[in-house]
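In this text the structure is predicted, and so the values were computed from the model without any measurement. Whatever order the structure lists them in is the order used to number ligands and atoms, beginning at 1.
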Amino acid sequence: MGTLQRWQANITKRASNDLLRELRVEEGTIDFASNDYLGLARNSTFQQSLLEIAIQSPALMTGSASSRLITGNSSIKEDVEGFLAKRYDVESALLFPSGYIANLSLLSALPQRGDTVIVDELIHRSVHDACSLNQANKWKFRHQDLNHLEALLKRAKGQCWVVVESVYSMDGDIAALRGLAQLANLYGAHLIVDEAHAVGVFGDGLIPTYGLQSQVFACVVTYGKSMGLHGAAVLGSEALKSYLINFASPFIYSTAMPDMMALSIQSAYQFLDQNTQLAVELQDRITFYETEMLGEVSKSLLTPIQPVIIPDITKLRSITKAIKAHGFHVYAVLPPSVPEGTGRLRISIHQYNSREEIKQLAELIKSYAQ
Ligand SMILES: Cc1ncc(COP(=O)(O)O)c(C=O)c1O
């Protein structure tokens, strides 16, 4: 079979299992799918503040023209990294063009042959991809099961790395961060926490909220979700920053983030400081959704990611289509993006979703899915 025929066979197999991925343009629908939890990506006041920066210095708008190590570095990027390090009370921050690249950099460069990387089984794909680039052993512990993690830590060889998300991207549950930090400390493991879905929703993230910075080896904060922008930063020690600059290929061999994005990231933090009501309003909307769906709220810290598991893919597809027909943008996440048998509607709640929209959506889900 030729290459094209092989591709076609794979695509046909996906399509016949109802699992085909396709790009779609969805405009004019009510957003219950994006990660723009606080509405910054659509906030015209925030947009205007960025526009003013750009009008004052149009040169900020274009690219960095090379990697950070050649001519792509700038005092702007260094200043923003200084701002981040100070804000997070860590020794250093290093900017990356995206969260995927930040995770790829960390986990491809740090673990060495003979080391053990232990990841939560639901860790983001970028961490798995990164591990395929290192020489260490990779083990998975059962989702959020600290006993299982401890059993693996007891058997681990070499330097051990534990990688978790503070808010899980497909399930919306929160990691037991204090317990994880204690375990990592007890077994001399380095804990890496991906805060992609916590930043903005819970202040600057859950690690600073819980004051755990000194117990975490590295934190990844990303800017494409609640911060309404693009990019990421790795927070940690000076030694970590220097190691990544020297050994992380995705950092070394890729064009640096444009200065405008670095300045926009700093502006996003300042905008959130001045608009603390956005996160409060988000919590209010999530509370309303959970009350509509379940009749009560599940816990004290609510996250905007609210999955509705529908294992039967055909049913999941048809429910998604039916809800979309009412003008709601909802997204079905299918295996292999989530484990087999756990296909789901990944509902994400936003500060800008009105109570009426949330009520209508909850009613539709209940009528179709339950
Ligand atoms: C937990 C987690 N980490 C990292 C990423 C990647 O971040 P980015 O979209 O900035 O590449 C995502 C995005 O899907 C994510 O959900």
Visitor: Quick check with a 6.0 Å cut-off and a 45 degree axis cone: is R68 positioned over the face of F251's six-membered ring?
Guide: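 No; the conditions do not both hold, so R68 does not lie above the ring face of F251.
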Visitor: Answer with yes or no whether K225 contacts ligand 1, where contact means a heavy atom under 4.0 Å from a ligand atom.
Guide: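 Yes, K225 has a heavy atom closer than 4.0 Å to ligand 1.
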Visitor: Using a heavy-atom cut-off of under 4.0 Å, does the side chain or the backbone of N103 touch ligand 1, or both, or neither?
Guide: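 Near ligand 1, N103 shows its side chain, while the N, CA, C and O stay back.
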Visitor: So which heavy atom in the protein is nearest atom 16 (O) of ligand 1, and how far is it from that ligand atom?
Guide: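 The answer is H197 NE2, 2.7 Å.
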Visitor: Answer yes or no for H230: is there a heavy-atom contact with ligand 1 below 4.0 Å?
Guide: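 Per 4.0 Å heavy-atom rule, H230 does not contact ligand 1.
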Visitor: Under 4.5 Å between side-chain heavy atoms, hopping through other hydrophobics if needed: is there a path connecting W161 to V193?
Guide: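 No, no single cluster joins them.
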Visitor: Quick one: do L191 and V127 end up in the same hydrophobic cluster if we chain Ile, Leu, Val, Met, Phe, Trp and Tyr together by side-chain heavy atoms under 4.5 Å apart?
Guide: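 Looking at the clustering, V127 is in a separate group from L191.
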Visitor: Taking distance alone, with N or O pairs closer than 3.5 Å, would you say A196 contacts ligand 1?
Guide: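 No.
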Visitor: Does the Lys NZ or Arg CZ of R42 fall within the cation-pi geometry relative to Y352 - under 6.0 Å from the ring centre and within 45° of the axis?
Guide: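 Satisfied, under 6.0 Å and within 45°.
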Visitor: Which heavy atom of the protein is the closest neighbour of atom 7 (O) of ligand 1, given with residue, atom name and distance?
Guide: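 Atom 7 (O) of ligand 1 sits closest to the protein heavy atom G99 CA, 3.4 Å.
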Visitor: Identify the protein heavy atom lying closest to atom 6 (C) of ligand 1, giving its residue, its atom name and the separation to 0.1 Å.
Guide: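 Looking only at protein heavy atoms, the one closest to atom 6 (C) of ligand 1 is Y100 N, 3.4 Å.
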Visitor: Can you tell me which residue and heavy atom of the protein come closest to atom 4 (C) of ligand 1, and the distance to 0.1 Å?
Guide: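 Ranking protein heavy atoms by distance from atom 4 (C) of ligand 1, first comes D194 OD2, 3.4 Å.
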Visitor: Can you measure from CD1 (I252) to CD1 (I245) and round to the nearest 0.5 angstrom?
Guide: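 Rounded to the nearest 0.5 Å, the CD1-CD1 separation comes out at 9.0 Å.
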Visitor: Near E165, which atoms of ligand 1 are under 4.0 Å from a heavy atom of that residue?
Guide: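 Taking each heavy atom of E165 in turn, ligand 1 has 1 (C) under 4.0 Å.
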Visitor: So Y269 and F83, would you call those rings parallel, tilted or perpendicular, with 30° and 60° as cut-offs?
Guide: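 Taking F83 first and then Y269, their aromatic rings stand perpendicular (interplane angle over 60°).
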Visitor: Record the part of S169 in heavy-atom contact with ligand 1 below 4.0 Å; permitted values are side chain, backbone, both and neither.
Guide: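 It is the side chain that gets close, since no backbone atom is under 4.0 Å.
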Visitor: Quick test: of every protein heavy atom, which one is nearest to atom 12 (C) of ligand 1, and how far off is it to 0.1 Å?
Guide: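 That would be H124 NE2, 3.2 Å.
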Visitor: Tell me whether the centres of the aromatic rings in H124 and Y168 are closer together than 6.0 Å.
Guide: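 Ring centres of Y168 and H124 not closer than 6.0 Å.
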Visitor: Quick one: does NZ or CZ of R346 land under 6.0 Å from the six-membered ring centre of Y331, within 45 degrees of the ring axis?
Guide: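 Relative to the ring axis of Y331, which defines the angle, R346 lies outside at least one limit.
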